[in-house]
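Please read all numbers here as calculations on a predicted model, not as lab measurements. Both ligands and their constituent atoms are indexed starting at 1 by order of listing.
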Amino acid sequence: MKRKTIKPVLTILVAVALVFTYSSSSLPDVSASSGNGKSGKSAAPPKKIPVDKDGFDSEGRMVAYFGSPLIDGEVDKKEWKHAPKVKPKYINTDNVSATFQALWDDDAIYILAEVKDKNLSVESGTPYMQDSVEVFLDENNDKSQEYGMDDLHIRVNYENALSVDNGNADDYYTATKKTKDGYIVEARIGLKGKPENGQVLGIELQVNDAVGSERVGTINVFDSTGNAWNDTSVFGEIVLAGKKKNDTSGLNPYDLINLVKKTLKMDFSLYKNSNVVMEAIGDVTESALINEKKVKQEQIDEQYDALQEAISKLEMTEEAANEKYFTPLPDEYRIESEQPGTIETLHYQTENLDGGKDDKKFHVYLPHGYDESDSSKKYNVLYLMHGGGENEDLIFGGPNESREMKRIIDNMIAKGDIEPLIVVTPSFYGGKGDVALFHEELVNDIIPLAETEYHTYAQSGSREDIKASRAHRAFGGFSMGSVTTWHTFAEALDYVKYYMPLSGDSWAIEDSGGGSKPKETAEYLANVVRNSEYTPEDFYIFSATGNQDIAYPNLKPQVDEMRKLSDVFIYSSDTNKGNFYFIEADGGVHSWYWQNQFIYNILPDLFVDEE
Ligand code: FER
């Protein structure tokens, strides 16, 4: 990529002599034993909160005082000396120890982790199996089990590679440094709300100890269950204190740095006019911003806005527009809709491999306004499969639950993004218990039951009627549910027109064959179509994964090979031009947080031909 030398906005601005001290907060000195924190006339004197030898207050919470440390991988003594150091309660590893500290300002909470570990490794492709530090935050401290909008879970390895399990990567800035006996992590976490003295947030902090490519242990500050990744109610708490009347936050160059970094990672060959963005960046660099102390926040913010504006003016080339890009799920889709659908449960029996039958169930999402007595209104049906180790309850819970996937679909329908549809969540466990055979149960038992119970396009549960209504049926799933989706494509093309395989490859040739035998796998899938009565207009495959997902190395090569077989798989983001696309989300990992967003991206393309 060529970089023009253009007079940068920021250097011009900083040339103006400005006197700016990095952090203007004055902190209570918690290391001193004298003083009671009284500061004369102030109505709410900053409190010094006593902590025990492990750094916790009388209620077992961490304590954070007001201050804005520089996030540069150096322990800035001036700021951090005021932050009580906590010793984690749960240490499930040998020869590794860690301490954590926290500070806060008007926009962010800051974490410092000092890890002693002489044996460091980032060998594993799975981020949590690398030597790394994790931060979990429940900003509104509602201890909701499921992660909500205010909750985040991030991880940074000792080489400063960030992975985001829940939350928005743009809000985090981290720096790490190897020390003689371990490493340190400094993290700035931009908050959604405006924090204040006395506020209590839910928090958990974790160290992953890796040896080679395995995680051999963990250290946790509060959580003994290991479930923090899945349940915010196991977090501990942190209390914010120490902001005095005239305290102000230090400089925040981090949002601009993140935006510049993200912009520089963009593929400029995709745009006709990328020069507008390069001009807006000028020669702003991370180290210049971090070390610059004489710039005003407004100037940084101005440049941030100018860069955003330039990015919004980018125009894609025709070729680039043909790719499908990831759109993060807007927060407004995560909240409870005013037009909620309902969840019902149906029970059935299905053949097992012992010649008997198993009792099973699936859940059914019915959209708001679904009227049992109105058989004139018919609905498309999406069958949505869970991943390995999960079950039919995972996606929707059950009747009266409102998990994130349900709220997303409710909101998409209410906002008119998609037509109302029915969503069925079965399980591949039980019955024949084989993802390669699940299509039999689907066609023999599940579709006939679901689609005669509700108003769908299937006239009856017969094979002929299921086939006749295939254009009103989609099948998707995550991980092993994605493997199931590819099998369904290969075996049940007669009955399903739309496929949504998420973060899992086709095991048609062999387990993980999309990764080990991508060419053969793609050929196999193409031959399914070539040997059928169907043409490329008769089906769609919308696939997605994150580039940090464990399935990425399996799915990506398969997709690349499929793209070459353009007599069958016609790649395009435009459903009028092609029948196949693949979304690759930067930073995405193997979790439902990401799959829900993929589903948000793909749902508007399901049933496109039928509207
Ligand atoms: C993949 C498909 C499925 C994959 C993993 C899975 C690593 C499932 C794993 C599990 O459920 O344990 O491509 O890649």
List ligand 1 atoms under 4.0 Å from [X], heavy atoms only on the residue side.
| X | result |
| --- | --- |
| Val483 | 2 (C), 3 (C) |
| Gly388 | 11 (O) |
| Gly504 | 1 (C), 2 (C), 13 (O) |
| Met480 | 3 (C), 8 (C), 11 (O) |

Notebook entry, point to check: For ligand 1, which part of Leu555 has a heavy atom less than 4.0 Å away: the side chain, the backbone, both, or neither?
Noted result: neither
Notebook entry, point to check: Where is the tightest heavy-atom contact between Leu442 and Pro448, given as atom of each residue plus distance?
Noted result: O-CD, 3.8 Å
Next item on the list: For Phe100 and Ala113, work out which heavy atoms get closest and say how close.
Entry: CE2-CB, 3.5 Å
Next item on the list: State if Ser479 counts as touching ligand 1 under the rule of any non-hydrogen atom under 4.0 Å.
Entry: yes
Margin query: For Ile550, state whether at least one heavy atom is located under 4.0 Å from any atom of ligand 1.
Written below: yes
Notebook entry, point to check: Does Asp505 reach ligand 1 with a nitrogen or oxygen that is under 3.5 Å from one of the ligand's nitrogen or oxygen atoms?
Noted result: yes
Note to self: Any nitrogen or oxygen of Asn554, side chain or backbone, less than 3.5 Å from one on ligand 1?
What the structure shows: yes
Notebook entry, point to check: Can you tell which of Thr345, Asn391, Asp393 makes a side-chain hydrogen bond (donor to acceptor under 3.5 Å, both in side chains) with Lys361?
Noted result: Asp393
Note to self: So if I apply the side chain to side chain contact (heavy atoms under 4.5 Å, CB included) rule between Leu366 and each of Ile422, Val423, Leu421, which one comes out positive?
What the structure shows: Ile422
Next item on the list: Count the heavy atoms of every other residue, nucleotide or ligand shown that sit under 6.0 Å from CD of Glu323, and state whether that count exceeds 12.
Entry: yes
Notebook entry, point to check: Would you find more than 12 non-hydrogen atoms of other residues, nucleotides or ligands less than 6.0 Å from Asn400 atom CG?
Noted result: no
Note to self: Can you see whether Tyr534 has Arg470 sitting over its ring - NZ or CZ less than 6.0 Å from the centre and within 45° of the normal?
What the structure shows: yes
Note to self: Checking contacts now, so for atom 12 (O) of ligand 1, which I'm interested in, is there any protein heavy atom under 4.0 Å?
What the structure shows: no
